[in-house]
Amino acid sequence: MARAKDASKHGPGGRAVDAVYFDLFGTLLELAALADDCETAAPGRGHEFAARWRMRQLEFSWLRTTMGAFVDFDHVTVDALEVAVAELGLELAPATVVRLASAFERLPVAPAAAVALERLRSSGVRTGILTNGSKRTLARVIARTGLERLLDDALSVDAVRRFKPDPAVYRLACEKSGVEAARIGFVTANGWDAAGAASFGFRVAWLRSDPSVPFPRVGAPSPAIATWESLHDLLVSYDGSTTNT
Ligand code: LAC
């Protein structure tokens, strides 16, 4: 239900948020390309292979956080790759597995991301990445893509040795920016990440690629459903009203 615009929600410069952080894999970087690499390695099974790999990657990251058994995301990604290969009965040459292991690092930047980041920065908003990715991979991605010029911060979970959606990870953004959670926007295409960030207290824009994907039923506040084009206004000019019900 729409609520009346409340000017008190807007801070200096009339903005609703002072910083916006982005998820990396599947958000700033397009995950769709993973299936292409997987298709080359296992013709006819690219989508199934990429989906299984990603699912195991996330599952292992959550298990490791709950178990207090952190290893960095590169390690988790290789474990998940090897498990997916075995589960699907794929017979890949060792050199193929080695090449695939760095596929996440080579994903392309979402085409509309640069314009969205530029708009946020021109509104005086601090911008950053907040990712499960390792510090090393994050540095490589930034060097390859040139995203550096559009970002103030590049934050890896390595600093807290836990994976999203653990609140300790989202807290990194508050600590680094000095901005309280309620004045931080968070952009992700991953529903589970949207749930974690909303539960932490960020204003979340969920770039839901498929309308049939349900929001995880875990008691988190509903995020706004966004597109790259709408996220600036959704987050920066946000007036407290709900845009999607
Ligand atoms: C990220 C992945 C897990 O944190 O989406 O970048």
Side-chain angles (χ1 to χ4, degrees), residues 20-35 37 50-66 70-81 83-84 101-110 113 116-117 127-145 147-148 150-151 153-173 176 184-200 202 204-210 213 215-216 218 220 223 226 228 231:
V20 175
Y21 286 85
F22 290 78
D23 170 57
L24 185 62
F25 301 119
T27 304
L28 276 180
L29 299 185
E30 289 201 309
L31 210 48
L34 193 66
D37 269 352
R52 182 69 65 99
W53 182 8
R54 174 68 165 171
M55 190 173 87
R56 294 290 177 241
Q57 179 198 50
L58 295 174
E59 219 174 72
F60 295 167
S61 70
W62 299 330
L63 280 169
R64 283 187 172 277
T65 296
T66 307
F70 182 86
V71 291
D72 77 20
F73 206 54
D74 299 335
H75 187 137
V76 170
T77 299
V78 172
D79 283 348
L81 169 60
V83 167
S102 60
F104 277 81
E105 190 179 314
R106 289 181 269 110
L107 295 174
V109 176
L117 283 163
T127 56
I129 292 174
L130 179 62
T131 179
N132 275 351
S134 72
K135 241 174 131 169
R136 179 184 49 225
T137 293
L138 183 54
R140 286 196 190 137
V141 166
I142 286 174
R144 172 180 63 85
T145 57
L147 279 171
E148 191 161 25
L150 299 169
L151 297 167
D153 303 319
L155 309 178
S156 156
V157 299
D158 285 6
V160 290
R161 298 179 65 77
R162 308 181 73 74
F163 292 108
K164 290 187 283 181
D166 191 289
V169 179
Y170 301 111
R171 200 168 296 122
L172 277 174
K176 178 71 183 179
I184 291 182
F186 188 76
V187 181
T188 181
N190 295 301
W192 57 270
D193 196 16
S199 165
F200 181 73
F202 289 160
V204 177
W206 181 21
L207 301 176
R208 188 177 60 170
S209 53
D210 176 353
V213 172
F215 186 61
V218 289
W228 282 106
L231 71 86

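When a ligand or atom number is given, it counts from 1 through the structure's own listing order.
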**Prompt:** Do any nitrogen or oxygen atoms of Leu58 lie less than 3.5 angstrom from nitrogen or oxygen atoms of ligand 1?
**Reply:** no

**Fill in**
atom 3 (C) of ligand 1 sits nearest the protein heavy atom Asn132 ND2, 3.4 Å

**Asked** Is any side-chain heavy atom of Arg171 closer than 4.5 Å to a side-chain heavy atom of Val160?
**Response** no

**Prompt:** Phe186 and Tyr170: aromatic ring centres closer than 6.0 Å?
**Reply:** yes

**Request:** Measure the distance from atom 1 (C) of ligand 1 to every protein heavy atom, then report the residue, atom name and distance (to 0.1 Å) of the closest one.
**Result:** Asp23 OD1, 2.7 Å

**Request:** Answer yes if the side chains of Thr65 and Asp166 hold a donor-acceptor pair under 3.5 Å, and no otherwise.
**Result:** no

**Asked** Looking at ligand 1, does any of its N/O atoms fall within less than 3.5 Å of an N/O of Leu130?
**Response** no

**Prompt:** Counting heavy atoms only, which part of Arg54 comes closer than 4.0 Å to ligand 1: side chain, backbone, both or neither?
**Reply:** side chain

**Message:** Exactly one of Asp158, Asp74, Thr77 should register a side-chain hydrogen bond (donor to acceptor under 3.5 Å, both in side chains) with Ser134. Which one does?
**Reply:** Asp74

**Request:** With side-chain contact (heavy atoms from CB on, under 4.5 Å) as the test, would you mind laying out the steps for Val83 and Phe60 before giving the verdict?
**Result:** CA-CA 11 Å; Val83 167; Phe60 295 167; 4.0 Å; yes

**Request:** For Leu24, take its heavy atoms, then give the atoms of ligand 1 lying under 4.0 Å from any of them.
**Result:** 6 (O)

**Message:** Under a 4.0 angstrom heavy-atom cut-off, which atoms of ligand 1 come close to Lys164?
**Reply:** 1 (C), 4 (O)

**Message:** Looking at Glu148, I'd like to know if its CD atom is crowded, meaning that more than 12 non-hydrogen atoms belonging to other residues, nucleotides or ligands lie closer than 6.0 Å.
**Reply:** no

**Prompt:** With a cut-off of 4.0 Å, which atoms of ligand 1 are near a heavy atom of Asn190?
**Reply:** 5 (O)

**Message:** Regarding ligand 1, does Trp192 bring an N or O atom to under 3.5 Å of one of the ligand's N or O atoms?
**Reply:** no

**Fill in**
Closest heavy-atom approach to atom 6 (O) of ligand 1 among Thr131, Leu138, Val169 is made by Thr131

**Message:** In the structure I gave you, are the side-chain heavy atoms of Leu29 and Val109 within less than 4.5 Å of one another anywhere?
**Reply:** yes

**Request:** Quick one: do Phe104 and Thr137 satisfy side-chain contact (heavy atoms from CB on, under 4.5 Å)? Show the steps, please.
**Result:** CA-CA 9 Å; Phe104 277 81; Thr137 293; 5.9 Å; no

**Prompt:** Considering only heavy atoms, does Thr27 approach ligand 1 within less than 4.0 Å through its side chain, its backbone, both, or neither?
**Reply:** neither

